[in-house]
Amino acid sequence: MEYNFRDIEQKWHQRWVAMQTYKVTEDETRKKFYVLNMFPYPSGAGLHVGHPLGYIASDIYARYKRLQGFNVLNPMGYDAYGLPAEQYAIQTGQHPAITTEDNINRYREQLDKIGFSFDWSREVRTCEPGYYHWTQWAFQKMFGSFYCNKCQSAQPIEELIKHFEKEGTADLDVAQSEELSFTAEAWKAMSDVEKQQVLMNYRIAYLGETMVNWCPQLGTVLANDEVVDGVSERGGYPVVQKKMKQWCLRVSAYAQRLLDGLETIDWTESLKETQRNWIGRSEGAEIAFKVKSDGVKSEKSFTIFTTRADTMFGVTFMVLAPESELVKELTTPEQKAAVDEYLAYVKKRTERDRISDRKVTGVFSGSYAINPFTGETNPIWISEYVLAGYGTGAIMAVPAHDSRDYAFAKHFNLPIVPLVEGCDVSEESFDAKEGIVCNSPKAGVTPYIDFSLNGLTIKEAIAATKKYVKEQGLGRVKVNYRLRDAIFSRQRYWGEPFPVYYKDGMPQMIPEECLPLELPEVDKFLPTETGEPPLGNAKKWAWNTKTNNVVDCSAIDHETVFPLELNTMPGFAGSSAYYLRYMDPHNDQALVSDKADEYWQNVDLYVGGSEHATGHLIYSRFWNKFLFDLGISRKEEPFQKLVNQGMIQGRSNFVYRIKDTNTFVSLNLKDQYDVTPLHVDVNIVSGDVLDIEAFKAWRPEYASAEFILEDGKYICGWAVEKMSKSMFNVVNPDMIVEKFGADTLRLYEMFLGPVEQAKPWDTNGIDGSHRFLKKFWNMFWNKEDFAVTDEEPTKEELKALHKLIKKVTEDIEVFSYNTSIPAFMIATNELTSLKCNKRAILEPMVVLIAPFAPHIAEELWEKLGHNTSVCDAQWPKFEEKYLVEDTVKMMVAFNGKTRFGIDFPADADNATIEAAARGHELTPKYLEGKQIVKVIIVPKRMINIVVK
RNA sequence: GCCCAGAUGGUGGAAUUGGUAGACACGAGGGACUUAAAAUCCCUUGGCCAGUGAUGGCCGUACGGGUUCGAUUCCCGUUCCGGGCACCA
């Protein structure tokens, strides 16, 4: 019987739907296992062969776990809000909801062909009100919370208000935008609006006037992870810094927990390292410097942050960030003109300019600071190399031991004082944190300090200085993080609307029971003429606080009807807690019910690309920790194990056109001509041989092309590149399924190499996987008859089977699918040559292959007489006894060189083997005249005889 | 500049974590069946050398050292490729 994959796959796709094979419900009697793929953004281009790679890998794992008796949750959905649909809408007027729906349908069709075990009854789409209800709800909870540093947890804002009423800001240790200080009386005296303004300083979701990455071409702000090398990640447009009022999430409050959590989860080291870099913890000290203006000592002071407190004696100047509030305060009248000119220059420069040309620039403020350790005065400069957003926006410059300070000092001719024994700072600074400190004043020489750092190592000196700073009240020990708060507003249409209206200029949350606040219709998707976001075009976009519903904008009276927020939420909003929603996707009372949450807990295995390392995977961990603090999520980390599937690259093909002609020359002859390589569609190339007729038909200008062939063929060149339309190297999985079947595609994608590794797609090798499935199929058939007998299996057959069980089980556990497929091939070849057609062997084989090739497994399972799905079978148990041999072939080596193998009884102990070796029984001719120094026995493998 | 992960045949990649390097597959070459093609099956396939031959020898896991009876695997140094962070004080 021929292996007719088309009929088989179609039949089982229908059956699975009819039988609801993949529907899961909470079942207290079984252990849960939660497998999750990063849900896709449904782009207009559809799936290419790279997309399903991770889905196949996780599907194999999900099916395997199910066969092991776990209750497996394996859901799928769509990250449906996004820029491409909106840009398409701007160009064509087509509503993004329609484009998105079309794309989703296309994705679904393509996914269904590959035979995944997704429970589609749990599908979520981030753009549906039933889903974004809970995105808005979480945002409101963040608005209503602050972060308590003492208890390391989010708390209701009411607790903070109580604190203010009792003792003002005294004894307050919370996450905040800036440090405020007021008494309980002052708090009570504040107006409502003032109170709200104060509270905004502490909320986890807050409206903040911050420097943002503004992308004029996209007309929106971008988060830090959406900006790469000073241009937007999408589209590559320039990004400038701009001060704007935006919604922000206080992700920075969770920096330490985000860092600590990494120790508890099973992710790759490189991904954890990426997140550690992004969080960027650094331990240092904040030290206050008093200001001396025009030589007159003033009461003004400012604080700097340093990780090198030991270098206090090497400070020769101070530097402020141009955006710092201190600039205005510390600029003297004489310097004002020069400073203003400099600030204007800095303002002109984009993020990109700063990165690409690192000129040394700066201006003197006119003021001086007093070093609290020495009493010396140092000039205060202003320079763009100091960043406003990190530390305090001000530094003490130690040119001898910091390369940036060094460059600045050289450029402006400022003094350089080395502090480390034997270091040479004539050409460059000495930045290393190792060596012995020198040049610090002896104890008692200055009136300011009573100890010397000389002779200490740098590490000791840092510790000693910090201790002193703390004791003397000169400053405090401080940990800083590079991680910034996430900017949460986007000036876009196609995203979640904020459930917020404005009263007296202050944001108010619409009542929780009125959620979801649905995205309004607009007549155009561009910003308004006055530059407001696209929601400004909505006619019906105001909130009536009496009736609690959305009303027409013309009704705004600022008494009962108020304007609604015009920004929408960014892409990461919807993807931050979707794994919780899958647990209970249709619940309209809660994000997830207690019962479902208690059962499914968290994701056991998460599969997706590493490009989300500093975006989604940080935001999602933050979001989950917040929900954890609220008692919604059971586990502090949402994704226990994470596997990053490698990108599948394209394998592009090239033809070589002789310049100024329409003649194409084959690869190995091209060096004889002056040629231009051109991309050619890989779908008309097979094994690097060009289909000439298809090529002529491909483009009208090639219809009359001429060819210079080798051996009668046109051989194309090739290169590995990103898979993309413009390179003509996109391979569509539908085509592969059509030609070879889904099982072959699944097997081949896994066989290509380790899941985690990036690798080029090469359709050529797929024959091998297809041939294997045919061989596997043929084991069950004798010509046209299904021929499986109930005979007792032989020892040899059982050995082949159990070797396979062992290998496949071990491989799946560690995601090494690419090595278990050869094991299947070897076992199939062995059993075929043994002419084995016994049920006791073949039935477990079907179960073993079911995760990899579910369609063929179902068909054979049914033919074997079962009336349930193979998904409900039991994973075969491996038994060691079938692999135990009577004899063991031991390799005999002399001084490490292997000579030959010799059989020993399997139960021979080491002493017997060694005696045989020493007794010259094994190898007389090699041992003649030589002295045995030692005999090393590697169990069941080798006897190594060391001779002299 | 700092951090992380890599480098194995013509190609994708194996190697039980220190024990016969190159499994398995593709590609290539040869053969069988066939009028022919497709399909299928069999043999060869890291390099060099010796032999009619079975076979034997030497070299070989980016490069140079080291530890070990034995190193693709562990350690030190170098080169190259990929990824992350980057005026972060």
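Letters go in sequence order (proteins before strands), and every chain restarts at 1.
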At 4.0 Å (heavy atoms only), tell me whether [X] reaches a base, stays on the sugar-phosphate, or touches nothing.
X        : answer
A/Arg281 : nothing
A/Lys774 : sugar-phosphate
A/Lys806 : nothing
A/Val386 : base
A/Met942 : base

Would you kindly give the [atom1]-to-[atom2] distance between [X] and [N], to the nearest whole Å?
X        : N     : atom1 : atom2 : value
A/Asp225 : B/C85 : CG    : C1'   : 14 Å
A/Ile826 : B/C24 : CD1   : C1'   : 6 Å
A/Asp310 : B/A89 : CG    : C1'   : 12 Å
A/Leu320 : B/A89 : CG    : C1'   : 13 Å
A/Leu804 : B/C24 : CG    : P     : 15 Å
A/Phe302 : B/A89 : CZ    : P     : 18 Å
A/Asp767 : B/A39 : CG    : P     : 8 Å

Worksheet item: Could A/Arg621 and A/Trp278 be counted as a cation-pi pair, given that NZ or CZ must be under 6.0 Å from the ring centre and within 45° of the axis?
Response: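 No, A/Arg621 and A/Trp278 do not form such a contact.
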Worksheet entry | Pair A/Tyr3, A/Thr744: side-chain N/O donor-acceptor within cut-off below 3.5 Å |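 No - no donor-acceptor pair under 3.5 Å links their side chains.
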Worksheet item: Just by distance, with hydrogens left out, do A/Ser403 and A/Asp431 show a side-chain donor and acceptor under 3.5 Å apart?
Response: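 Yes, side-chain donor-acceptor contact under 3.5 Å.
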Does any nucleotide pair with [N] by Watson-Crick or G-U wobble geometry, both distances under 3.5 Å, and what is it?
N     : value
B/U67 : none
B/C48 : B/G57
B/A7  : B/U79
B/U72 : none
B/G22 : none
B/G1  : B/C85
B/U40 : B/A32

Worksheet item: Hey, does A/Val731 have a side-chain heavy atom less than 4.5 Å from the side chain of A/Ile648?
Response: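 They are not in contact (no side-chain heavy atoms under 4.5 Å apart), so the answer is no.
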Worksheet item: Are any of the side-chain heavy atoms of A/Pro399 and A/Leu414 separated by less than 4.5 Å?
Response: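 No, their side chains stay 4.5 Å or more apart.
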Nearest-Å distance once atom [atom1] is located in both [N] and [M]:
N     : M     : atom1 : value
B/C85 : B/A71 : P     : 40 Å
B/U11 : B/G27 : P     : 15 Å
B/U40 : B/G47 : P     : 27 Å

Practice prompt. Respond yes when some side-chain nitrogen or oxygen of A/Tyr385 is under 4.0 Å from OP1 or OP2 of B/A89, and no when none is.
Written response: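 The answer is no; no side-chain N or O of A/Tyr385 sits under 4.0 Å from OP1 or OP2.
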Worksheet item: Should A/Arg771 be listed as having a side-chain N or O under 4.0 Å from OP1 or OP2 of B/U40?
Response: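 The answer is yes; a side-chain N or O of A/Arg771 sits under 4.0 Å from OP1 or OP2.
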Any N/O pairs under 3.5 Å between the protein and nucleotides 4-14 of chain B? List them or say none.
unit_1 : atom_1 : unit_2   : atom_2 : d
B/G12  : O2'    : A/Leu752 : O      : 2.5
B/G13  : OP1    : A/Gln757 : OE1    : 2.9
B/A14  : OP1    : A/Asn818 : ND2    : 2.9

Worksheet item: More than 12 non-hydrogen atoms from neighbouring residues, nucleotides or ligands closer than 6.0 Å to NZ on A/Lys272, yes or no?
Response: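 For A/Lys272, atom NZ is crowded (more than 12 foreign heavy atoms under 6.0 Å).
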Worksheet item: Should we count CD of A/Glu879 as having more than 12 external heavy atoms under 6.0 Å?
Response: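 Yes, because the 6.0 Å sphere around CD of A/Glu879 holds more than 12 heavy atoms from other groups.
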Provide a list of protein-nucleic acid N or O atom pairs under 3.5 angstrom, restricted to nucleotides 73-83 of chain B.
none

Worksheet entry | Partners meeting salt bridge (charged side-chain N to carboxylate O under 4.0 Å, His left out) with A/Glu269 (sequence neighbours left out) |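 With sequence neighbours excluded, A/Glu269 shows a salt bridge (charged side-chain N to carboxylate O under 4.0 Å, His left out) to A/Arg276, given in chain and number order.
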Discussion item. Does B/G9 count as syn, meaning its glycosidic angle lies within 90° of 0, or as anti?
Written reply: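 Syn.
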Discussion item. Please check: side-chain N/O of A/Thr303 versus main-chain N/O of A/Glu286, any donor-acceptor pairing under 3.5 Å?
Written reply: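 No, the answer is negative, given that no donor and acceptor are paired below the 3.5 Å cut-off.
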Worksheet item: Are the ring centres of A/Phe408 and A/Phe317 closer than 6.0 Å?
Response: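 For A/Phe408 and A/Phe317, the ring centres are under 6.0 Å apart.
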